[in-house]
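Heads up, the thing below is written out as structure tokens.
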Amino acid sequence: MVRLIISLILLGLLTACTTSVLAPTRHLVEKAIAFELEKTQQQLSQQLDLDFQGFEIHRLSISQEQPLTIQNLPTYRVRGTYELTFKLPKRRLTQPQKPFEVYLQLQKEGKTWRLLVPEASGKDSKSVWRSYFIR
């Protein structure tokens, strides 16, 4: 009985350690958000003829990391909030408590991560994901 309890405790610790090692870091989450913002910023700059001079992400707060499997690879849906400051030519525009949700997928070799972005698909088809390498 004692061996069983010790085995269960060790298994629990091993599982907890493995999950935390594989989970994306705050820095990686920030890079994924920045990647999405850069794409949006480029589109807005072109459509609205705005002179964005960059942005800053502050106060990143992760409220949920949900492990999933997408395309047979470990993936995390990460949710939370951050503060965004846009740099404009004559001022800064700050938006506090912006919610985010990103999907980050660990690749087969276990060394690199990709940002997954769901694409709109038909009602009867499977989910389609666009994948971007996060540096």
Side-chain angles (χ1 to χ4, degrees):
M1 185 66 168
V2 173
R3 284 185 182 179
L4 177 62
I5 293 172
I6 291 173
S7 295
L8 289 174
I9 291 171
L10 289 175
L11 181 62
L13 289 172
L14 181 60
T15 303
C17 291
T18 303
T19 302
S20 64
V21 168
L22 294 178
T25 63
R26 291 175 58 83
H27 182 67
L28 181 71
V29 172
E30 189 172 315
K31 287 170 103 175
I33 294 169
F35 179 84
E36 288 185 326
L37 286 170
E38 286 171 6
K39 284 179 42 181
T40 303
Q41 182 180 330
Q42 288 171 359
Q43 293 170 349
L44 285 174
S45 292
Q46 292 171 354
Q47 293 173 357
L48 302 175
D49 195 30
L50 294 174
D51 185 17
F52 284 113
Q53 297 179 340
F55 58 84
E56 295 173 354
I57 296 171
H58 300 284
R59 296 188 177 103
L60 178 70
S61 174
I62 296 172
S63 60
Q64 181 185 33
E65 287 183 342
Q66 178 185 6
L68 313 163
T69 300
I70 297 176
Q71 300 169 343
N72 297 321
L73 291 172
T75 305
Y76 284 84
R77 179 173 71 177
V78 182
R79 292 178 169 174
T81 59
Y82 64 97
E83 182 177 284
L84 176 63
T85 300
F86 282 107
K87 298 177 188 175
L88 300 170
K90 295 183 180 182
R91 67 185 187 128
R92 291 172 165 251
L93 176 64
T94 299
Q95 297 177 327
Q97 295 292 305
K98 285 190 61 70
F100 73 88
E101 176 179 84
V102 293
Y103 290 82
L104 295 165
Q105 184 178 67
L106 184 63
Q107 298 305 288
K108 285 183 184 178
E109 74 283 356
K111 296 179 183 177
T112 59
W113 290 86
R114 295 186 72 82
L115 169 66
L116 299 182
V117 179
E119 283 191 350
S121 59
K123 293 179 184 178
D124 298 332
S125 64
K126 291 183 177 181
S127 295
V128 178
W129 297 89
R130 192 168 291 261
S131 172
Y132 302 94
F133 176 69
I134 300 296
R135 297 178 185 177

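- With values rounded to the nearest 0.5 angstrom, Thr94 atom OG1 is found 13.5 Å from Phe55 atom CZ.
- Checking Val117, Val78, Leu28 one by one against Val102, the side-chain contact (heavy atoms from CB on, under 4.5 Å) holds for a single residue, Val78.
- When atom types are taken as modelled, the side chain of Ser63 and the backbone of Arg79 share a donor-acceptor pair closer than 3.5 angstrom.
- The two residues Thr81 and Pro99 come nearest to each other via the heavy atoms CG2-CA, 4.1 Å.
- Under the 4.5 Å side-chain criterion, counting only non-hydrogen atoms from C-beta, Gln107 is in contact with Gln105.
- By the salt bridge (charged side-chain N to carboxylate O under 4.0 Å, His left out) test, Lys98 is found to be paired with no residue, residues two or more places apart in sequence or in another chain being considered.
- Among Trp113, Tyr132, Tyr76, Trp129, the single residue meeting the ring pair (Phe, Tyr, Trp, His ring centres under 6.0 Å) criterion with Tyr103 is Trp129.
- Rounding to the nearest 0.5 Å gives a distance of 12.0 Å between CD1 of Ile134 and CD of Glu30.
- Proximity of a side-chain donor or acceptor of Arg26 to a complementary backbone N or O of Leu60 within less than 3.5 Å is detected.
- When the side chains of ILVMFWY residues are joined at heavy-atom separations under 4.5 Å, either directly or via intervening members, Leu104 and Ile70 end up in two distinct hydrophobic clusters.
- Atom CG of Leu84 sits about 5.5 Å away from atom CD of Gln95, to the nearest 0.5 Å.
- To the nearest 0.5 angstrom, Lys87 atom NZ is 4.0 Å from Glu56 atom CD.
- Nearest approach of Ala34 to Ile57, heavy atoms of both residues: N-CD1, 3.9 Å.
- Every salt bridge (charged side-chain N to carboxylate O under 4.0 Å, His left out) that Glu83 has, sequence neighbours left out, goes to Arg59.
- Side-chain atoms of Arg114 come within 3.5 Å of backbone N or O of Ser131 as a donor-acceptor pair.
- Listed for the Thr75 side chain is a donor-acceptor partner under 3.5 Å among the backbone atoms of Leu73.
- Arg130 pairs by the salt bridge (charged side-chain N to carboxylate O under 4.0 Å, His left out) definition with Glu119, not counting sequence neighbours.
- Residues Tyr82 and Ile62 form no side-chain contact, since every pair of their non-hydrogen atoms from C-beta on lies 4.5 Å or further apart.
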